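Heads up: the structure comes next, in structure tokens.
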Amino acid sequence: MTTSPNQSHQHRLAQLAVFIRESEQILADWDVYYDQHTDLDDQPHDEDTYAQRASRRDADLWKAFNRIRPSAKELVTTAEMQLQRLPANAIQSRWVWQLGVLDDALDHLVALQEEWLATRDSLHPSARPGSARYDDARAERNSEAFHYLDEWASTGEAILDIRRAAQQTPSPLATTPPVRTHGPVSKSAAVRK
């Protein structure tokens, strides 16, 4: 059974919604941890534990984003096309800016992933998941990606908002006047109208 492009896009949108929910929870958990484990000057009580917890936050965000990473560009592109078709009164002024933020963040995430893959491939064969060299290199990618993942977490909802607006806007085909299929209207019929 094949899926239609619309079904595939619906699936990608559902995955985006899951990412947004997961990332909100990851970031809320981090905020609680941060509040409990830093002093009034924002200094961690235990720097090693703090660094480990931040590294876990970054890894969790990257893992959550992996769900949509392969289709993220398509999500942005489709939202841009939908936005172009919306009437002006249905558009939120922030959407264009938000799509730009998402696209820029994605470019950085793609570059970080490419760098990570090159680094991983250059590691000694003994460097596998669980080894310090491997895990440190991956943690560095995750840490550098945090800002861009956070932007997707906080701005990704714009794609879902644009989709909802597109679904609620009548199709231009439905608003065009009906085409007359009968002969010309007589003058007397036109006067009666």
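Predicted, not measured: the structure shown is a model, and the values here were computed from it.
E47 CD: 12 or fewer foreign heavy atoms inside a 6.0 Å radius. Atom CZ of R128 sits in a sparse spot, with 12 or fewer heavy atoms from other residues, nucleotides or ligands closer than 6.0 Å.
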| task | Might you work through the side chain to side chain contact (heavy atoms under 4.5 Å, CB included) test for L27 and L61, ending with a clear yes or no? | result | CA-CA 9 Å; L27 295 170; L61 270 178; 3.9 Å; yes
| request: Please test R164 against E157 for salt bridge (charged side-chain N to carboxylate O under 4.0 Å, His left out), starting from the C-alpha separation and ending with a verdict. | output: CA-CA 11 Å; R164 282 189 286 276; E157 187 72 33; 2.9 Å; yes
| How far apart are the C-alpha atoms of Y33 and T38, what are their side-chain angles, what is the distance that settles it, and do they pass the side chain to side chain contact (heavy atoms under 4.5 Å, CB included) test? | CA-CA 8 Å; Y33 176 87; T38 57; over 6 Å; no
| task | Apply side chain to side chain contact (heavy atoms under 4.5 Å, CB included) to the pair H37 and T49, showing each step before the final yes or no. | result | CA-CA 9 Å; H37 294 89; T49 304; 5.9 Å; no
| said: Could you walk me through whether R133 and H124 satisfy the side chain to side chain contact (heavy atoms under 4.5 Å, CB included) test, starting with their C-alpha distance in whole Å, then the side-chain angles of each, then the deciding distance to 0.1 Å, before giving a yes or no? | reply: CA-CA 9 Å; R133 293 185 79 199; H124 189 274; 4.1 Å; yes
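Considering CD of E140 and OG of S143, their distance stands at 7.5 Å, rounded to 0.5 Å. In this structure, CG in N66 is found 12.0 Å from CD in Q15, a value given to the nearest 0.5 Å. Remark: T78 OG1 to E80 CD distance equals 9.0 Å, nearest 0.5 Å. Interatomic distance, D58 CG to D150 CG, rounded to the nearest 0.5 Å: 10.0 Å. Between atom NE2 of residue H9 and atom OG of residue S71 there is a gap of 9.0 Å, rounded to the nearest 0.5 Å. The distance from atom CH2 of W95 to atom CG of L86, rounded to the nearest 0.5 Å, is 6.5 Å.
When every heavy atom of L83 is checked against every heavy atom of I162, the shortest pair comes out as N-CG2, 4.1 Å. Residue A165 comes nearest to A90 through the heavy atom pair CB-O, 4.1 Å, listed as atom of the first residue, atom of the second, then distance. Residues F65 and A72 come closest through the heavy atom pair CZ-CB, 4.2 Å. Contact between A153 and I20 at its shortest, heavy atoms only, is O-CG2, 4.2 Å. Here the shortest heavy-atom pairing between I26 and A64 reads CD1-CB, 4.4 Å. Looking at every heavy atom in both residues, I159 comes nearest to L13 through CG2-CD2, 3.8 Å.
In the hydrophobic cluster analysis, where Ile, Leu, Val, Met, Phe, Trp and Tyr join through side-chain heavy atoms closer than 4.5 angstrom, L109 is grouped together with L16. V96 and L160 fall within the same hydrophobic cluster, where Ile, Leu, Val, Met, Phe, Trp and Tyr residues are linked whenever their side-chain heavy atoms come under 4.5 Å apart, directly or through other members. If you chain together hydrophobic residues whose side chains sit under 4.5 Å apart, V101 and L106 never meet in one group. Note on I68: it clusters hydrophobically with V110, by side-chain heavy-atom contacts below 4.5 Å among ILVMFWY residues.
Between Y50 and W30, the gap from one ring centroid to the other is short of 6.0 Å. Ring centroids of W116 and Y134 are separated by less than 6.0 Å, placing the two rings close together.
The closest donor-acceptor contact from the side chain of W152 to the backbone of L102 lies under 3.5 Å. In this structure, D39 contributes its side chain and D41 its backbone to a donor-acceptor pair below 3.5 Å. A donor-acceptor pair under 3.5 Å links the side-chain atoms of T77 to the main chain of K73, judged by distance alone.
For the pair R141/R120, no side-chain contact is recorded, criterion being any heavy-atom separation below 4.5 Å from C-beta on. Contact annotation: the side chain of S55 never approaches that of N142 to less than 4.5 Å [non-hydrogen atoms, C-beta and beyond].
Under 4.0 Å is where a charged nitrogen must lie from a carboxylate oxygen, and between E22 and R67 at least one such pair does. One finds a salt bridge joining R138 and D135 here, because a Lys/Arg side-chain nitrogen approaches an Asp/Glu carboxylate oxygen to under 4.0 Å.
Judged purely by distance below 3.5 Å, without hydrogens or angles, the side chains of H147 and E151 pair a donor atom with an acceptor atom. Side-chain contact check for Y34 and D42: at least one donor-acceptor pair (N or O, by modelled atom type) lies under 3.5 Å.
Shown are R56, R57, R53; of these, the side-chain contact (heavy atoms from CB on, under 4.5 Å) with D29 is made only by R53.
With sequence neighbours left out, E74 forms a salt bridge (charged side-chain N to carboxylate O under 4.0 Å, His left out) with R12.
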